[in-house]
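Reckoned from all heavy atoms, side chains included, excluding hydrogens, waters and symmetry mates. In the text below, chain A, chain B and the rest are named by the order of the sequence lines, each starting its count at 1.
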Amino acid sequence: MQLKVKDFDLKKTIECGQFFRYELIDGKYYLAHRDNLLVVEQQKDKLIFKGATEKFIKSFFRLNDPYKEIISTISTDKHMNQAVEKSFGLRIIRQDPWECLISYICSQNSNIPRIRKKVNCIAKTFGKKTSLGSFQNYTFPNPGELNNFEKIKTCKVGYRAKYIHKANNINEHELMDLRKKDYNEAMKYLQNLFGVGEKVADCVCMFSLDKLNAFPVDVWIKRVMQELYFNNKIVSNKQIKELANNKFGKYAAYANQFLYFSRRKLV
DNA sequence: CGTCAGGTAGCCA
DNA sequence: TGGCTACCTGAC
């Protein structure tokens, strides 16, 4: 199946570090996410895919987000103009909240290759084998299925094993319902989970709960924000989030991704 | 070896 | 609130 796309760059979107279970083979991206296994490739303005419906693709890659409006909303200065220029076409992936939560718990104090190893290992250890043509991968386990603490530890997640084991008891219905709640309520719920602080909660909000006003502050965002907007002064995460909120408003999440991408020069 | 990497809990002022 | 440190692990 195929689909015409505008203002979309598949490579940037997948490789920018927001999404962890994929493989690039012969120019095609094989994606595994929760129970889905799909293959996608982009040829200019054409998106060719298998293993998913058009509806899923549009929702997953947020192809219906008003890209031009988002960019004009956040492009209030030359810094953001430059960031947008470098990362144009990058979209926020709309992930499954549960897999997203576990993935970002794994992300603490880890670089991208290590996060990918951990998340893939959890799928391999607890998920079911699945295939698309000759490509094989694993589903992501459901809440309740990560109940073996020793097995979790074999995935090299270190001290995060106890967080994952505890998160396993989550009520998935409640988690999904956070999509309908506002940002503050979602943050409160998430930060109540053991091992989930402000950064991880913000990531789950922005990558899976449709909270486009979220603005996760990690070390990279902190560096770039201090450079661009605080004259290289060391400031608190709270100050950074306040500024982002005022400056980028309801699309702060996109500003966050553009700044992160352009700073790290990924892809 | 030490340091660092997309943080958080627990503790203290 | 804000500041501090231990913490699993693997790459350099």
Side-chain angles (χ1 to χ4, degrees), chain A residues 12-22 83 86-87 90 92-93 95 97 99-122 124-125 146 148-170 184 186-209 211 214-228 230 233-245 252-267:
Chain A
K12 287 177 186 170
T13 298
I14 291 177
E15 295 187 15
C16 72
Q18 60 177 322
F19 185 76
F20 305 108
R21 295 207 294 136
Y22 73 88
K86 281 188 196 169
S87 42
L90 172 61
I92 290 171
I93 290 182
Q95 300 186 31
E99 181 164 346
C100 186
L101 172 66
I102 298 301
S103 301
Y104 280 89
I105 286 175
C106 289
S107 80
Q108 313 180 171
N109 254 340
S110 303
N111 54 26
I112 292 166
R114 273 200 60 211
I115 302 166
R116 294 185 60 194
K117 266 185 201 156
K118 289 185 263 191
V119 178
N120 279 299
C121 183
I122 289 172
K124 188 170 181 177
T125 307
L146 293 172
N148 187 327
F149 184 71
E150 292 307 317
K151 258 173 134 180
I152 294 171
K153 280 217 200 148
T154 64
C155 294
K156 308 288 182 193
V157 294
Y159 64 86
R160 305 156 197 86
K162 54 185 182 288
Y163 304 155
I164 294 167
H165 192 237
K166 201 75 187 285
N168 180 52
N169 296 322
I170 204 166
N184 289 321
M187 285 294 283
K188 209 168 102 187
Y189 183 94
L190 293 168
Q191 286 187 261
N192 238 3
L193 301 170
F194 184 45
V196 177
E198 192 170 22
K199 156 68 169 62
V200 170
D202 258 321
C203 284
V204 174
C205 275
M206 108 170 186
F207 293 125
S208 77
L209 297 178
K211 307 295 179 264
F215 196 85
V217 181
D218 59 41
V219 292
W220 294 96
I221 286 294
K222 188 162 184 150
R223 259 171 231 163
V224 66
M225 288 294 282
Q226 284 172 173
E227 271 176 33
L228 300 181
F230 293 93
K233 221 172 59 194
I234 292 175
V235 293
S236 68
N237 290 5
K238 196 179 162 193
Q239 283 174 279
I240 291 173
K241 285 183 72 161
E242 268 167 18
L243 185 137
N245 199 17
Y254 270 98
N256 186 291
Q257 281 304 88
F258 291 150
L259 288 170
Y260 182 76
F261 182 93
S262 58
R263 171 57 191 249
R264 299 212 55 187
K265 298 188 186 72
L266 295 158
V267 181

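- A/G158 comes within 4.0 angstrom of a nucleotide base, judged by non-hydrogen atoms across all strands.
- Separating the CD1 atom of A/I240 from the C1' atom of C/dG2 is a distance of 15 Å, rounded to the nearest angstrom.
- Rounded to an integer number of Å, the gap from A/Q191 CD to C/dT1 P is 12 Å.
- Distances were taken from every side-chain heavy atom of A/K156 (C-beta onward) to each of B/dA9, B/dA5, C/dT9; the shortest belongs to C/dT9.
- Heavy atoms of A/Y104 sit under 4.0 angstrom from at least one base atom.
- Residue A/N109 places its side chain closer to C/dC7 than to any other of C/dG10, B/dG6, C/dC7.
- Rounded to whole angstrom, the span from the NZ atom of A/K118 across to the P atom of C/dG10 amounts to 10 Å.
- For A/N111, the side-chain atoms get nearest to B/dG6 when compared with the rest of C/dG10, B/dA9, B/dG6.
- Comparing the P positions of B/dG6 and C/dG2 gives a spacing of 25 Å, expressed to the nearest Å.
- Between A/K199 atom NZ and B/dA9 atom P there is a gap of 13 Å when expressed in whole angstrom units.
- Here B/dA9 presents its P atom at 12 Å from CG of A/L190, a figure rounded to the nearest Å.
- Taking side-chain N and O atoms only, A/R223 has a distance below 4.0 Å to OP1 or OP2 of B/dA5.
- Using atom P as the reference point in both B/dC4 and C/dA6, the two lie 15 Å apart (nearest Å).
- Across the interface with DNA chain B, nearest-nucleotide mapping of A/F207 and A/G195 shows A/F207 to be the residue nearer the 5′ end.
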> Would A/I221 and A/N256 count as a side-chain contact (heavy atoms from CB on, under 4.5 Å) if you check the C-alpha gap in whole Å, the side-chain angles of each, and the deciding distance to 0.1 Å?
Replying inline: CA-CA 7 Å; A/I221 286 294; A/N256 186 291; 3.8 Å; yes

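- No more than 12 heavy atoms of other residues, nucleotides or ligands lie within 6.0 Å of NZ in A/K153, so this atom counts as exposed by the packing criterion.
- Not a single donor-acceptor pair under 3.5 Å links the side chain of A/R263 to the backbone N or O of A/M225.
- A donor-acceptor contact under 3.5 Å is formed by the side chain of A/R160 with the base of C/dC8.
- Pairing of B/dG2, defined by two Watson-Crick or G-U wobble distances under 3.5 Å, is identified with C/dC12.
- Here the C1' atom of nucleotide B/dT8 and the CG atom of A/N192 are 14 Å apart, to the nearest Å.
- Taking the six-membered ring where tryptophan is involved, the planes of A/Y254 and A/F258 are tilted, since the angle between them lies from 30° to 60°.
- As rounded to whole Å, 11 Å separates atom C1' of C/dC8 from atom CD1 of A/I164.
- Closest approach to the A/K238 side chain among B/dG6, C/dG2, C/dT9 is made by C/dG2 (side chain taken as heavy atoms from C-beta onward).
- No donor-acceptor pair under 3.5 Å is formed between the side chain of A/E198 and the backbone N or O of A/K238.
- Annotation: A/K166, atom NZ; neighbour count of heavy atoms from other residues, nucleotides and ligands within 6.0 Å does not exceed 12.
- One atom, NZ of A/K162, and another, C1' of C/dT9, lie 13 Å apart when rounded to the nearest Å.
- Distance noted for atom P between C/dC8 and B/dC11: 15 Å (whole Å).
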